Amino acid sequence: MFATLSDRLADTFKNLRGKGRLSEADIDATAREIRIALLEADVALPVVKEFVGAVKERARSEEVSGALNPAQQIIKIVHEELVAILGGETRRLRYAKSGPTVIMLAGLQGAGKTTLAAKLAHWLKEQDKTPMLVAADLQRPNAVQQLQVNGERVGVPVFAPEPGNGVGDPVGVARASIEEAKRKLHDVVIIDTAGRLGVDAELMKQAADIRDAVQPDEVLFVVDAMIGQDAVTTAQAFLDGVGYDGVVLTKLDGDARGGAALSIRSITGKPVMFASSGEKMTDFDLFHPDRMASRILD
Ligand code: GDP
């Protein structure tokens, strides 16, 4: 996903190799190159401006430490600033103090929510949790069945609408699922909600109604990292319409430009918590800003 950005930055740093000391002109030229590389990677303009400003300021003012040459010093600064825009620390899931932890997924249709729900369930199982999946996406034909198939793949039960479980009513299904989880002693409930092809008021209201009914411990906004700048716009719309605690980036295995991944934290103020990067159930993990920055600068 970050191949082009990585190459561009590597070229930029190559130009600094062998220099004993960086002149003002060197710093300006480097900052310009970084700016272009980030813009080409589709990083949002305000984020680019802040990033480049910070790198420039630090490159001018910081003492070059003995062990590093000027090029290495710049790379170190860029690495640290990348970690910062990616959110700094890894944000881990917060579990409920008592009763099942309720995680609600929200996002557009096609973002990868249903796939992600199963990946998350699989990941939780590996952490010795006993999750349950909830099919509250009653909009998209086959969504319930798709979740059931995925649930079976990872060996996690799926709570689906049927008589008594709130047929045709996503809020009723979500509410009933919490009771079921308590009865069956599941410690985490993952609720898959309906998406639409675009942001619309009805979608937001339904998600907000489910949120109000079940009071999730974590609302996760799931977004396809391949949709570029639209990811940031959508993230903002969901923040205003539903609100969420963290972001899950899906399809990081794609070859799109990846700017969304770099912009979303700064624009929304919400941490990226998980990254999903493929069709396999194991292509999923906590999002580690430090590792991602290293990957970009590798
Ligand atoms: P939903 O509408 O949000 O529930 O999205 P789905 O889970 O049905 O995913 C939409 C499409 O994206 C499906 O074809 C998935 O197989 C695919 N998909 C989901 N996650 C990933 C991912 O991380 N990488 C890739 N390459 N494809 C994915």
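Just follow the structure's listing: the first ligand is 1, and inside any ligand the first atom is 1. The model shown is predicted, which means the values in this text are computed figures rather than measured ones.
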Any donor-acceptor pair under 3.5 Å from Thr193 side chain to Leu105 backbone: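 Pair found, side chain donor or acceptor close to backbone of Leu105.
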Measure the acute angle between the ring planes of Trp123 and Phe274, then classify it against the limits of 30° and 60° as parallel, tilted or perpendicular.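 Aromatic pair Trp123/Phe274 classed perpendicular.
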Over-ring placement of Lys129 relative to Tyr95, 6.0 Å and 45° cut-offs: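 Cation-pi check for Lys129 and Tyr95: passes.
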Any side-chain heavy-atom pair of Thr12 and Ile74 under 4.5 Å: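 The answer is no; the side chains never approach within 4.5 Å.
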Between Ser23 and Asp26, is the side-chain hydrogen bond (donor to acceptor under 3.5 Å, both in side chains) condition met? List the steps. CA-CA 5 Å; Ser23 65; Asp26 289 330; 3.2 Å; yes
Can you list the steps and then say if Thr130 with Asp187 is a side-chain hydrogen bond (donor to acceptor under 3.5 Å, both in side chains)? CA-CA 6 Å; Thr130 53; Asp187 51 13; 3.1 Å; yes
Protein residues that have a heavy atom under 4.0 Å from any atom of ligand 1, sorted by chain and number: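 Contacts of ligand 1 under 4.0 Å: Leu108, Gln109, Gly110, Ala111, Gly112, Lys113, Thr114, Thr115, Lys119, Arg140, Gln146, Lys251, Asp253, Ser276, Ser277, Gly278, Glu279.
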